[in-house]
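This report concerns only the one structure given below.
To find a chain, count down the sequence lines: A is the first, B the second, and so on, and within it residues start at 1. What you are looking at is a predicted structure, and each value in this text was computed from that prediction instead of being measured.
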Protein chains: 2
Amino acid sequence: MPLTLATDLTEDTGFRILLERHGRAIEFASGRTIYGTGDKDSTMMLITKGRVEISRTSIDGRRSILTHLGAGDMVGELAALDGMPRSADVVAATRVQGLVLTRAQIAALLRDNPEAALGVIETLCRRLRETSAMYTAHVLADGQARLARLLLHLAEKWGEPMPDGRRRLSEKFSQSDLGDLVGLTRESVNRQIREWEQAGIVMRQGRGLVICDLAALLCVAGAAE
Amino acid sequence: MPLTLATDLTEDTGFRILLERHGRAIEFASGRTIYGTGDKDSTMMLITKGRVEISRTSIDGRRSILTHLGAGDMVGELAALDGMPRSADVVAATRVQGLVLTRAQIAALLRDNPEAALGVIETLCRRLRETSAMYTAHVLADGQARLARLLLHLAEKWGEPMPDGRRRLSEKFSQSDLGDLVGLTRESVNRQIREWEQAGIVMRQGRGLVICDLAALLCVAGAAE
DNA sequence: GCTGCGCTGTGATGCACCTCACAGAAGTCG
DNA sequence: CGACTTCTGTGAGGTGCATCACAGCGCAGC
């Protein structure tokens, strides 16, 4: 099972060329909302720099983060492909630069280039597998296992390798972000991480986190399924 | 937000015609496994009769049901479209009849008929929206709200309308099925349903369930988001 | 410098839901 | 028909995690 939610619509589908030729460059300051739930616009963006958070918020203000996407990932493709309203919020987690395509441009590409359509289908299939894997993971695994998986996933996607082979995840994610990513409170995340720290499984380094004992985390993560 | 997980790849995409012309008829007895997680075959099936359950099971035997599909729905399209191993189990919940297409047949259709590809993309987008909605619902809503939503959804998809306008859900779903559909135990489902029965929101009728006070359920369901 | 503000750490308390255990009811198959 | 399996109903007790409350810490800005 792939560990990342990153879309890569760009590989071999003609999208990359289309974007580089016709994409409109755009930039967002950290914290700015890029797309909002319910919005009816239908552009998509290739992220060229920075990191973006995709989330939903319930009536009572609780937030669920679906994923974070970064350079090379596409964001907003759903609305761009099917023309329906946005189904989640997209917020710039850092300063973000990207290239924007409109629904019309994409539709034209798909009509003219059947190969591109096949690539899109493959990407959507991958996303669907990943999302439904997230769903069952959330139903079947407890908080500890979900957090372990999350750390492994984040370390792979965002972490830097360290000289000794361990992985370092720098100061990008607050404990409450981690909580919103796995459906736990900030306090629970804190207690779990401290426990792992005491057990030597992870280490705090400044504001960053280093995964020392990858095998142990894998073991916790794999306890269910 | 649509309440059903049904795929309808058949609308206007040429699939229906292809299936009716080239699909191989097949039949499964109730309880038979149609596709198993990890299988490497890559056929898909249009269900013409009966009901199918899509689920995953964790190492320790806990089951999460993703959805039930019925006549007119496609099942197994992911593996057929992208050629990856099956990511869930598909089991016949009743006697099931269907028409089978192979990956090769689908690939040929998509190559020859760009319109079909657009239809597939739209369908996958819908599925992705629904699946990620399921995910956030599970993260943000409590068991009671999830069960309320489930009953509304099932009543709409599988229930028969009653003379007085209420909706009857007949004997298709055991309480432990309901639990596996929303991530609760059978006991919790039982207690919640009895509570609603006492409140006059639902009624047992033989093995069936009648939703008496739709508004009340909608209210419980909508408490979060 | 001081003043906030967002993040982290930690205890006390509560509750939603699980687990286990068992009994009765209802289909089902010889 | 009786034997068996599956489903339903219900209590007692446990627990994972939320909630609340508050204290310290580090950084940003005036």
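- The shortest heavy-atom contact between Ala29(B) and Ala92(B) is O-CB, 3.5 Å.
- Here Arg103(A) pairs with nothing under the salt bridge (charged side-chain N to carboxylate O under 4.0 Å, His left out) rule; sequence neighbours left out.
- With contacts defined as side-chain heavy-atom distances shorter than 4.5 Å, the pair Ile211(A)/Leu169(A) does not qualify.
- In this entry the distance linking CD1 of Ile193(B) with P of dT10(D) reads 13 Å, nearest Å.
- Taking Arg204(B) as the reference, nothing meets the salt bridge (charged side-chain N to carboxylate O under 4.0 Å, His left out) condition, with sequence neighbours excluded.
- Residues that satisfy the salt bridge (charged side-chain N to carboxylate O under 4.0 Å, His left out) test with Arg166(A), not counting sequence neighbours, are Asp164(A).
- Among residues at least two apart or in separate chains, salt bridge (Lys or Arg N to Asp or Glu O under 4.0 Å) pairs with a member in residues 33-46 of chain A are Asp41(A)-Arg86(A).
- Scored by the side chain to side chain donor-acceptor pair (under 3.5 Å) test, Arg186(B) finds no partners at all (sequence neighbours excluded).
- Among residues two or more places apart in sequence or in another chain, the side chain to side chain donor-acceptor pair (under 3.5 Å) test is passed with Arg168(B) by Gln205(B).
- Protein chain B contacts DNA chain C from dC17(C) to dG27(C), reading 5' to 3' and using non-hydrogen atoms of the protein with a distance under 4.0 Å.
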Review item, nucleotides 26-29 of chain D N/O atoms under 3.5 Å of protein N/O:
none

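- Side chain Arg191(A) to base dG16(D): no donor-acceptor pair is found below 3.5 Å.
- What separates CZ of Arg62(B) from P of dG16(D) is a distance of 13 Å, to the nearest Å.
- Between the C1' atom of dT6(D) and the CZ atom of Phe173(B) lies a distance of 17 Å, rounded to the nearest Å.
- For Tyr35(A), the ring pair (Phe, Tyr, Trp, His ring centres under 6.0 Å) criterion is met by no residue, not counting sequence neighbours.
- In this structure, Gln144(A) places its CD atom 9 Å from P of dG16(D), rounding to the nearest Å.
- In the helix from dG1(C)-dC30(D) to dG30(C)-dC1(D), the rotation axis of the first five pairs and that of the last five pairs differ in direction by 40°, rounded to 10 degrees.
- Between His138(A) and Tyr135(B), the angle of the ring planes goes over 60°, which puts this pair in the perpendicular group of the 30/60° scheme.
- For Leu178(B) against Ile193(B), the heavy-atom pair with the smallest separation is CD1-CD1, 3.9 Å.
- Taking every heavy atom of residues 178-190 of chain A and every atom of DNA chain D, pairs under 4.0 Å involve Gly183(A), Leu184(A), Thr185(A), Glu187(A), Ser188(A), by number.
- Judged by distance alone, the side chains of Asp89(A) and Thr37(A) do bring a donor and an acceptor atom under 3.5 Å apart.
- Taking the salt bridge (charged side-chain N to carboxylate O under 4.0 Å, His left out) definition, one finds that Glu187(B) meets it with nothing, sequence neighbours left out.
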